[in-house]
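Here the structure is a predicted model, which is why all the values come from computation and not from measurement. Below, chains carry the letters A, B, ... as their sequence lines are ordered, and counting in each starts from 1.
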2 protein chains.
Amino acid sequence: MKRLIIPEQAAYRQIRKRNAVADADLQFAVVEIMEAVAKQGDEALRFYNERFDDYIGDLKLDPKQIDEAEALIEEKLKEAIDRAYLNIYKYHKAQERAVERITTSKGIECWREARAIEAVGLYVPGGTAPLFSTVLMLGIPSQIAGNPKRVLCSPAGKDGEIHPAILYAAKKCGIREIFKVGGAQAIAALSFGTESIPKVDKVFGPGNSYVTEAKRQALAYGLAIDMPAGPSEVLVIADEKAEARVVAADLLSQAEHGPDSQVILISNSENFLDEVDGELRSLLRNLPRSAFALSALQQSYSIYFPNLEQAFECSNFYAPEHLILNLDNAEKWISKVKRAGSVFLGPFAAESMGDYASGTNHTLPTAAFARNYSGLSLESFQTQISFQNINKEGLADLGPSVSLMARAEGLEAHALAVEIRLKNERI
Amino acid sequence: MKRLIIPEQAAYRQIRKRNAVADADLQFAVVEIMEAVAKQGDEALRFYNERFDDYIGDLKLDPKQIDEAEALIEEKLKEAIDRAYLNIYKYHKAQERAVERITTSKGIECWREARAIEAVGLYVPGGTAPLFSTVLMLGIPSQIAGNPKRVLCSPAGKDGEIHPAILYAAKKCGIREIFKVGGAQAIAALSFGTESIPKVDKVFGPGNSYVTEAKRQALAYGLAIDMPAGPSEVLVIADEKAEARVVAADLLSQAEHGPDSQVILISNSENFLDEVDGELRSLLRNLPRSAFALSALQQSYSIYFPNLEQAFECSNFYAPEHLILNLDNAEKWISKVKRAGSVFLGPFAAESMGDYASGTNHTLPTAAFARNYSGLSLESFQTQISFQNINKEGLADLGPSVSLMARAEGLEAHALAVEIRLKNERI
């Protein structure tokens with residue numbers, strides 16, 4: 001990790017850029033995929049499946065396999081997934097809001113009601129690991145929202161199958177429509193619809209840079225997306241009371257995601273930063289994904305500030321996806337957190353707890369998008385419709401103000417719509 | 001209006017396209033503006049001000065003018081704005097949520113807290129009318145959210161000034177930073193920042209097709225936007241009990257916005273549709289903006305369905321920005337509304353009431369985006385940060401499940417971060 005001592009704002013700016021690499025070739029490659037899927041539908045999907053995932057076979061997974069998955073995974077893993085499911089369900093269920101009607105003035109009631117988005121697409125990346133946790137994080141809030149159509153896309157593994165842990169998690173979330181398609185082509189299919197895959201209204205889920213770029217392009221076709229995504233990241237603020245080995249493990253748990261991940265450690269003790277460096281070296285030795293982690297650490301920073309106020313200022317500027325406050329009495333610092341995706345308080349709150357099972361959603365804004373986006377929640381799967389109920393008295397009372405304002409804006413028919421009602425004896 | 005009798009779904013699809021015209025030239029014109037402002041800053045803004053708005057002068061409005069505006073507008077208009085302010089404030093203030101901590105399992109507390117987005121840009125279009133109502137709709141929720149930096153951009157009028165009604169509304173919302181810049185160049189300035197205008201995190205507000213395209217392009221530079229916007233539209237569902245003249249006035253109050261607006265009327269009485277046609281002809285005669293309205297009506301539809309269930313199915317497919325239910329006992333139809341921006345219930349609920357003063361926000365999704373976007377609300381000016389507080393007991397209880405799941409996903413350091421904590425006697 002690169003060490004910075006009391007850096008200036010100009011240095012923050014550099015750090016805030018993360019490790020992301022812009023790539024014009026990628027953009028064109030994705031345009032090509034989007035167009036091919038729009039024109040050739042399933043045929044294009046089968047072509048890309050063979051080309052990118054070495055998979056030749058049906059696009060749609062036989063729903064029987066969803067039911068059979070349970071028998072194929074270890075009992076202990078099943079129990080762990082069940083526990084995670086319950087916590088995540090409880091947290092997101094509490095996000096439901098009762099309808100509250102507001103009488104804004106005499107005879108006028110206004111309120112909002114949530115409606116489930118009609119059709120949602122859930123993307124679960126493939127690759128080296130079966131990301132059943134992502135299925136839970138997308139599937140549970142959509143299950144609570146009650147989206148009438150829910151479509152899950154995930155690339156087939158090397159064996160042509162989707163991992164039973166993914167299918168088991170999908171079953172728990174009530175998902176029955178699963179397609180073996182990954183990458184930008186999956187996002188394209190959900191944007192345009194194909195013979196097999198329905199067009200949806202909104203797409204959710206993480207993915208590599210192709211998936212991210214495809215989601216960005218899909219916006220232009222009227223799709224909504226959960227958020228722009230990028231490589232994972234963590235920022236830890238720790239004081240001398242923290243255990244260096246614990247902090248090192250937290251840093252590694254982000255760094256192991258990939259060489260483009262970034263981890264930042266801020267402390268008010270230089271000595272502590274040294275200790276963490278030592279623990280990192282020690283832990284790295286036994287880490288299976290140490291090459292990824294090492295590469296990410298080389299692009300990462302440990303920063304010293306003499307006081308924690310400055311640490312929070314720097315953190316808010318960086319706007320980390322995950323923020324761990326491994327501080328004495330972490331609760332008292334909550335109000336200082338202005339920009340972050342998800343925050344972990346105290347020595348026991350490992351970020352992996354939130355990644356899997358504490359209950360919070362792990363789909364979070366990266367790349368400083370925590371400054372203007374929030375993590376996934378129940379609301380991400382809903383729209384809010386506003387309603388107003390205006391009775392005769394309400395119109396009589398407020399109507400004249402409205403027609404006056406409408407006319408001041410030069411909108412005569414707006415004024416007329418009120419005045420015709422005010423004059424009409426029959427209503 | 002074009003008449004459709006019990007149309008099939010294929011016909012809905014045609015209607016749902018609205019009147020929007022795609023325009024590649026526009027896209028390139030906006031790219032050029034974005035690049036010029038990114039490179040030349042204020043100089044580019046002054047160039048475009050002269051070219052598009054015939055305005056040569058300061059970019060920043062003297063804040064003294066904000067205070068002086070009150071004296072320049074009629075007392076009655078001021079009072080009307082004051083009333084509108086109170087209703088809109090009350091409705092949006094009620095959207096604040098108390099922090100609710102959820103114990104998801106033993107020793108684990110999870111919750112969300114709202115934070116104001118740091119810097120927001122509010123765009124208020126210029127043109128023929130001073131849109132002070134838009135100032136209220138953007139300014140009030142941002143005032144309640146407490147965004148530390150709020151910047152308003154609006155083009156100078158023909159007299160080189162910004163209308164005092166706009167300034168008065170801005171003052172009420174506590175906005176002190178106003179720039180005389182409009183169009184795509186204003187969005188560019190807010191995206192990149194210039195010598196005068198600060199870069200913001202999120203941009204809000206309606207605008208013409210240049211502004212809309214600029215907001216779309218700004219997404220690629222990391223800005224967030226309120227929603228994709230398009231021409232205004234209304235869908236009215238009315239039965240025979242409705243007054244034809246009232247319905248005609250409601251249709252005109254959207255149609256007068258511009259030739260690209262669209263209005264839809266659905267009824268279970270063909271006779272009623274004929275009556276409305278007659279009233280439209282009669283009202284059009286005296287309308288100052290009748291050319292706009294006539295042009296919009298030519299692209300609009302009146303639709304007959306024998307029963308109202310079908311009317312709602314068609315409306316949900318169309319996903320209107322404004323939906324007026326001029327129906328006997330309108331309340332009983334609420335649950336049928338699945339997709340809409342804002343809904344007006346009963347014979348007295350003119351859409352203009354919501355445009356100005358009922359309390360609901362008039363910044364709403366158009367062009368069928370009500371299927372996957374919501375109108376503006378307090379939350380639009382905030383991010384939600386999730387927090388988790390995990391104590392020793394919570395880690396001991398749930399930690400083993402987490403490390404098991406992490407390992408099943410191949411993420412060893414994620415497991416380690418939990419296990420090091422479980423083993424450590426010192427924390």
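Relative to the six-membered ring of Y373(A), R371(A) misses at least one condition, a distance below 6.0 Å or an angle of at most 45° to the axis.
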- Intermediate values then yes/no, salt bridge (Lys or Arg N to Asp or Glu O under 4.0 Å), K202(A) and E118(A): CA-CA 9 Å; K202(A) 191 168 182 178; E118(A) 180 73 20; over 6 Å; no
- Query: Between R421(A) and E243(B), does a side chain to side chain contact (heavy atoms under 4.5 Å, CB included) hold up when you go through it step by step?
  - Reply: CA-CA 9 Å; R421(A) 282 175 166 89; E243(B) 278 291 309; over 6 Å; no
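Chosen from L395(A), I385(A), I420(A), the residue pairing most often with chain B at heavy-atom distances under 4.5 Å is I385(A). Highest contact tally toward chain B, considering only Y91(A), F348(A), F381(A), F344(A), is held by F348(A) [criterion: heavy-atom pairs under 4.5 Å]. Interface remark: of the candidates V120(A), I108(A), V246(A), V246(A) forms the most heavy-atom pairs closer than 4.5 Å to chain B. Looking only at heavy-atom pairs under 4.5 Å with chain A, the residue among A293(B), G222(B), S403(B) that has the most is G222(B). Of the listed residues (A340(A), G359(A), A94(A), G399(A)), the one with the most heavy-atom contacts under 4.5 Å to chain B is A340(A). Heavy-atom pairs under 4.5 Å with chain A were tallied for G346(B), S133(B), P228(B); the largest tally goes to S133(B). Taking I102(B), L252(B), V337(B) one by one and counting their heavy-atom pairs under 4.5 Å with chain A, the maximum is reached by V337(B).
For chain A, the nearby parts of F132(B) are the backbone and the side chain; heavy atoms of each come within less than 4.5 Å. Contacts of D355(B) with chain A are made by side-chain atoms alone, with heavy-atom separations under 4.5 Å and no backbone atom involved. At a 4.5 Å heavy-atom cutoff, S290(B) makes no contact with chain A through either its backbone or its side chain. Interface residue F387(A): backbone and side-chain heavy atoms are both found under 4.5 Å from chain B. Only the side chain of N424(A) comes within contact range of chain B, with at least one heavy atom under 4.5 Å from a heavy atom of that chain. Both the backbone and the side chain of R245(B) come within contact range of chain A, with heavy atoms under 4.5 Å apart. Neither the backbone nor the side chain of V200(A) comes within less than 4.5 Å of any heavy atom of chain B. Proximity to chain B (any heavy atom under 4.5 Å) is shown, for A396(A), by neither the backbone nor the side chain. Only the side chain of R216(A) comes within less than 4.5 Å of a heavy atom in chain B; its backbone stays farther off. Heavy-atom distances place both the backbone and the side chain of L398(B) under 4.5 Å from chain A. Neither the backbone nor the side chain of A367(B) has a heavy atom closer than 4.5 Å to any heavy atom of chain A. At a 4.5 Å heavy-atom cutoff, E74(B) makes no contact with chain A through either its backbone or its side chain. Looking at Q384(B), the atoms closer than 4.5 Å to chain A (heavy atoms on both sides) sit in the backbone and in the side chain alike. Interface remark: S335(B) contributes backbone atoms only to the contact with chain A (heavy atom separation under 4.5 Å). With a threshold of 4.5 angstrom between heavy atoms, A406(B) approaches chain A through its backbone and through its side chain. For E379(A), the part lying near chain B is the side chain, with the backbone staying farther off; criterion is any non-hydrogen pair under 4.5 Å. Residue I73(B) does not touch chain A at all, counting heavy-atom pairs closer than 4.5 Å.
There is a side-chain donor-acceptor pair under 3.5 Å between Q388(A) and S358(B). Judged purely by distance below 3.5 Å, without hydrogens or angles, the side chains of S342(B) and S386(A) pair a donor atom with an acceptor atom. Under 3.5 Å, the side chains of W111(B) and E113(B) contain a donor-acceptor pair of N or O atoms. The closest side-chain donor-acceptor pair between E79(B) and S401(A), if any, does not fall under 3.5 angstrom.
Under a 3.5 Å cut-off, the side chain of N326(B) and the backbone N or O of A242(B) do not form any donor-acceptor pair.
Within the 4.5 Å cutoff, the side chain of E351(A) has heavy atoms near those of the Q254(A) side chain.
Identified under the ring-ring contact (aromatic ring centres under 6.0 Å, His included) test for residues 393-427 of chain B, with sequence neighbours left out: H257(A)-H414(B). Within the structure, every pair that satisfies the salt bridge (charged side-chain N to carboxylate O under 4.0 Å, His left out) test and touches residues 384-408 of chain A, not counting sequence neighbours, is listed here: D397(A)-R83(B), R407(A)-E412(A), R407(A)-E419(A).
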